[in-house]
J.: 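Sharing a structure below in C-alpha cells format, with a few things to ask.
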There are 2 protein chains.
Amino acid sequence: MEKGKRHISLKDLAQELGVSISTVSRALNNHPDISPNVTRKVQKLAAEMNYSPNPLAMGLLKQATRMIGVIVPDLVTHFYSSIISGIEHIAEEKGYYILIASSNESLKKEIKAVENLMKTRVEGLIVCLSQETKTYEHFDRLINNHIPLVFFDRVCRIDKVPSVVVDNVDAAQKITSHFCKNGFQRIAYIAGPDHLNISQQRTQGYLSGLKKCGLEFRSELLVKCNMSTLDATKVTAALLELSIRPDAIFGINDTVAFAAMKEIKRRGLRIPEDVALVGFTDEFHSTVVDPALTSITHPTFEIGQEAARLFFSRIENPDAEPIQKVLKTKLVIRKSSVR
Amino acid sequence: MEKGKRHISLKDLAQELGVSISTVSRALNNHPDISPNVTRKVQKLAAEMNYSPNPLAMGLLKQATRMIGVIVPDLVTHFYSSIISGIEHIAEEKGYYILIASSNESLKKEIKAVENLMKTRVEGLIVCLSQETKTYEHFDRLINNHIPLVFFDRVCRIDKVPSVVVDNVDAAQKITSHFCKNGFQRIAYIAGPDHLNISQQRTQGYLSGLKKCGLEFRSELLVKCNMSTLDATKVTAALLELSIRPDAIFGINDTVAFAAMKEIKRRGLRIPEDVALVGFTDEFHSTVVDPALTSITHPTFEIGQEAARLFFSRIENPDAEPIQKVLKTKLVIRKSSVR
DNA sequence: AACCTTTGCGCAAACCTTTGCACTATTTTA
DNA sequence: TAAAATAGTGCAAAGGTTTGCGCAAAGGTT
C-alpha cells in the first residue's frame with residue numbers, strides 16, 4: 001500500500017458501492033431517509049474496510065478538534081504526571097485527547113507553549129503556571145475570546161479563570177499543629193518564592209498554626225528558597241547553624257524536604273530526635289526514605305480529574321462565573337516527625 | 001468575539017485586502033509570482049491580525065498531522081515520563097506534537113490505544129509494550145502499511161520495527177561482577193515475566209556474569225515476580241527464608257528492589273551487611289533511601305531522543321531496514337552493595 | 001504593426017465530512 | 001385519473017489551505 005492511502009474515506013466506500021458520498025454518510029449515521037437495505041450494505045462495507053471518519057475533516061467542519069492543551073512545569077515529577085493521568089482519564093471518557101507541553105519552569109517556554117498549542121487549534125488549555133510566571137498577559141487572548149482555560153495548583157486571575165487548588169492554609173496549619181502536639185517548639189518553615197499562591201498560603205497557614213498553638217513567630221525560622229535541591233540544602237544549612245537551631249522543619253514540598261533530610265543527616269543530626277521533618281506533596285518515595293517522611297498527600301489524580309471537569313463545563317458554558325475548586329489534603333504521619 | 005471566529009483565515013485577509021485567497025497564500029509563502037508590494041502588505045496584515053495557518057486544513061491537504069502517538073505502560077513512573085520528555089524534546093524541534101496514551105500495563109488498553117491514536121490520524125507511533133503484551137497483531141496494520149512505528153525498552157518484531165533498548169545483558173553482568181568483586185557468593189536475582197525481552201536479557205546477563213566469576217548457578221536463587229510491589233515482597237520473603245539465604249539480591253527494577261529493601265529491613269536484617277541489594281533503572285529516589293541503592297542508570301532522556309530520531313528517519317524513509325539502537329547503561333555504586 | 005514573453009494575479013480542484021435543498025420515482029388520496 | 005404526498009438519493013456548499021493552469025495587461029522583439 002503506497003503512502004497517502006492509509007485511510008479510506010467516504011468516497012472510497014461510495015465508489016465501491018456505486019452510490020453517492022452523501023448516501024454513505026447518512027447511512028453511517030443511521031439517517032432515516034436512507035433505505036434499510038442500503039444502510040445495511042454501507043455499514044457492512046465500512047466495518048470490513050475499517051473505516052473511521054477523518055477527524056481533520058470533522059474538525060474543519062465543526063471547528064472542534066477534540067483536543068485539550070495541557071501545560072505543566074515539568075513532566076517527570078510524580079505530582080504532575082499523576083495529575084496528567086487524572087486529566088487524561090476524564091478526557092478519554094469524553095473522547096478528547098490531550099496535548100502536553102512542559103514549561104520547564106520557564107516563563108518564556110510557557111508563553112511559547114500557549115502560542116503553539118493555540119496554533120494547533122486545541123479547544124482550550126489546562127495549565128499549572130511555571131515558577132517564573134508573574135505576568136499573565138499571555139492568557140489574555142484566551143480569556144477575552146472566551147476560550148476555555150483552567151488553572152490548577154499554581155493559579156492566577158481567579159476572578160476570570162476557573163481553578164482547582166488544595167487547601168494550603170489548612171494543610172500548613174495541620175503540620176504546625178502536629179509538630180506542636182508532639183512537643184516541638186522551634187518550628188521552622190522553608191518557603192518558596194513569594195509570588196506563588198501556594199507559597200503564600202502555606203506561609204499563612206504556618207503563621208496561623210503557630211498562633212493557634214500559642215507559639216511565638218520568629219522571623220529567623222521562616223526562610224525562602226527557589227525550590228531547587230541546591231538552594232534548599234543551603235537554607236537548611238543556615239537554619240541548622242542558627243545559635244538556637246530549630247527542632248522541627250517543614251519544607252514547602254518534598255523535594256525541599258528531601259534536600260533538608262540529606263543535609264541534616266550529613267551533619268550527623270538525627271531525625272526526628274534532633275530535628276523533626278515534614279514534607280509536602282507526598283511523592284512516592286516518602287515511604288522509602290529513612291526515616292519515612294511525614295507529608296501532606298495531595299489528591300493528585302483527583303486534581304487532574306477536577307481540572308478536566310471544570311474544563312468541560314467551560315466548553316459547554318464558556319461564560320459562566322468561574323469557580324474555584326478547593327480539595328482537601330491529608331497529613332500522613334510517619335516516623336520523621338514523631339518522637 | 002463570538003464562538004467560531006476565534007481564528008482568522010486566509011479568506012479574512014483576502015477580503016480585508018481585496019485580493020484573492022490564492023494571492024494571500026502565495027504572498028505568505030513568499031512565492032516569486034507575487035509582487036513585492038502585495039507581499040509586503042499581506043504579510044503585514046497577517047502579522048497584525050495574528051494569522052496562523054489552520055493545521056486541520058493543512059493536515060487534510062497534505063495528509064500529515066504532525067502528530068506522533070506515544071504509548072507507555074504508565075505515565076507516573078519517572079522512567080517513562082523522562083523518556084517522554086526526551087521524545088518531546090526532539091518532536092518539538094521538528095514542529096511535531098505528541099499524543100500520549102497509557103496502556104496501564106494492559107494489552108486490551110494497548111490495543112485500544114493503537115486504534116484510537118490511528119483514528120486521530122497520528123503519523124505514527126512510538127511504543128513501549130505493556131507487560132501483558134505477548135501477541136502483536138495489533139501492530140500489523142501499521143507494519144503492513146508502512147506507517148512509522150518505533151519500539152523502545154520493551155520491544156518485539158525487531159526485524160520489522162526499529163527499536164531502542166539498553167544493553168541489558170551487559171548491565172546484568174556488571175551487577176553480578178560487582179557483587180562478586182565485593183565478595184558476595186550467593187547472588188540471587190528477582191526476574192520479571194519471561195516474555196519480556198528485558199527480563200530474558202537480564203537473566204542471560206546474570207547467568208553469564210556468574211559463569212565469568214566462576215560461581216555456580218543455583219536455581220533456587222533465580223526467582224520470578226510480576227514486577228508489582230506485592231509480588232516482589234513475597235518472593236523476597238521466600239528468598240530470605242531459604243535454608244541458606246542469599247547474601248546479595250538484585251531486582252529487575254527499582255520498584256522490585258525497593259520492595260525487597262523493605263522486606264529485608266522488616267525482618268531485622270541489615271543492608272549490605274547481611275544482604276546486599278542492587279536495583280535497576282535508577283529512579284530518582286535511589287539516592288534518598290537508606291542505605292542508598294546501587295543501581296543501573298538508564299539514559300532515559302536519550303532513550304526518548306533516540307526513539308524520536310528513529311521515528312523521524314522512518315517518516316523520511318519508511319522502507320529502510322529497521323535498525324536497533326542499543327544504549328549503554330552505567331552501574332552507579334552506592335552503599336547498599338558494598339561492605 | 002503584429003507577435004511573443006514576462007509579470008502578476010484569480011479560478012477551481014483536491015483533501016473529507018455533513019447537511020439543506022432539489023430531484024425522481026413510487027405510492028397514496030381525492 | 002389527476003394531483004399530492006412520500007421515500008430514497010444526489011448535488012453542492014462550507015470549512016481552510018495549496019497549487020496547476022489560465023488569463024489579462026504590460027513590456028519587448030522583429
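These numbers come from a predicted model, not from an experiment. Chain naming here is simple, since letters A, B, ... match the order of the sequence lines and numbering starts at 1 in each.
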J.: Can you tell me the distance, in whole Å, between the NE2 atom of B:H7 and the P atom of D:dA14?
T.: 21 Å
J.: Quick one: is C:dC9 close enough that its OP1 or OP2 comes under 4.0 Å of any side-chain N or O from B:S35?
T.: yes
J.: Starting at the 5' end of DNA chain C and moving along, which residue's nearest nucleotide shows up first, B:P32 or B:K62?
T.: B:P32
J.: Nearest to the side chain of A:S25 - C:dG10, C:dC16, C:dT19?
T.: C:dT19
J.: Are the side chains of B:E92 and A:K109 in touch, meaning some heavy atoms are under 4.5 Å apart?
T.: yes
J.: I need the CD1-P distance between B:I21 and D:dT19, as an integer number of Å.
T.: 15 Å
J.: Checking only heavy atoms, does the side chain of A:R26 share a donor-acceptor pair with the base of D:dG10 at less than 3.5 Å?
T.: yes
J.: Measure from NE2 on B:H31 to P on D:dC21 and round the result to the nearest Å.
T.: 13 Å
J.: Could you check which of D:dG16, C:dC9, D:dG15 has an atom nearest any side-chain atom of B:S9?
T.: D:dG16
J.: Expressed as a whole number of angstroms, how long is the span from A:L61:CG to D:dA12:C1'?
T.: 14 Å
J.: For D:dA7, which nucleotide is its Watson-Crick or G-U wobble mate, given both distances must be under 3.5 Å?
T.: C:dT24
J.: State whether A:R141 and A:E115 are salt-bridged, where the test is any N-O pair (Lys NZ or Arg NE/NH1/NH2 against Asp/Glu carboxylate O) under 4.0 Å.
T.: no
J.: Report the distance from atom CG of B:L28 to atom P of D:dT17, rounded to the nearest whole Å.
T.: 9 Å
J.: Tell me whether the side-chain N/O atoms of A:N54 come closer than 4.0 Å to OP1 or OP2 in C:dC15.
T.: no
J.: Does C:dC16 have OP1 or OP2 under 4.0 Å away from a side-chain N or O of B:Q63?
T.: yes
J.: Any Lys/Arg nitrogen of B:E302 or B:K325 sitting under 4.0 Å from an Asp/Glu carboxylate oxygen of the other?
T.: no
J.: I want to verify a distance call: between D:dG10, C:dC16, C:dT18, whose nearest atom is closest to the A:T23 side chain?
T.: D:dG10
J.: Flag the pair A:F139 / A:F151 as yes when their ring centroid distance falls below 6.0 Å, and as no otherwise.
T.: yes
J.: C:dC11 base to B:S22 side chain: any donor-acceptor pair below 3.5 Å?
T.: yes
J.: Of B:V24 and A:L10, whose closest DNA chain C nucleotide lies nearer the 5' terminus?
T.: B:V24
J.: Between C:dT18 atom C1' and A:I34 atom CD1, what is the distance in whole Å?
T.: 13 Å
J.: Once the angle between the rings of A:F301 and A:H89 is folded into 0 to 90°, is it parallel (under 30°), tilted (30 to 60°) or perpendicular (over 60°)?
T.: tilted
J.: Can you tell me if B:S20 touches the phosphate of C:dC11, counting only side-chain N or O atoms and a distance under 4.0 Å to OP1 or OP2?
T.: no
J.: Name the residue closer to the 5' end of DNA chain D, choosing between A:V38 and B:K11 according to the nucleotide with the nearest heavy atom.
T.: A:V38
J.: Counting only Watson-Crick pairs (N1-N3 plus N6-O4 or O6-N4) and G-U wobbles (N1-O2, O6-N3), all under 3.5 Å, who is the partner of D:dT29?
T.: C:dA2
J.: In whole angstroms, how far is the C1' atom of C:dT7 from the CG atom of B:N37?
T.: 14 Å
J.: How long is the line joining CG of B:L56 and P of C:dT17, in whole Å?
T.: 14 Å
J.: Using 30° and 60° as the class limits, which term best fits the ring planes of B:H298 and B:F79: parallel, tilted or perpendicular?
T.: perpendicular
J.: Please give the nucleotide sitting opposite D:dG20 as a Watson-Crick or G-U wobble pair, both distances under 3.5 Å, or none.
T.: C:dC11
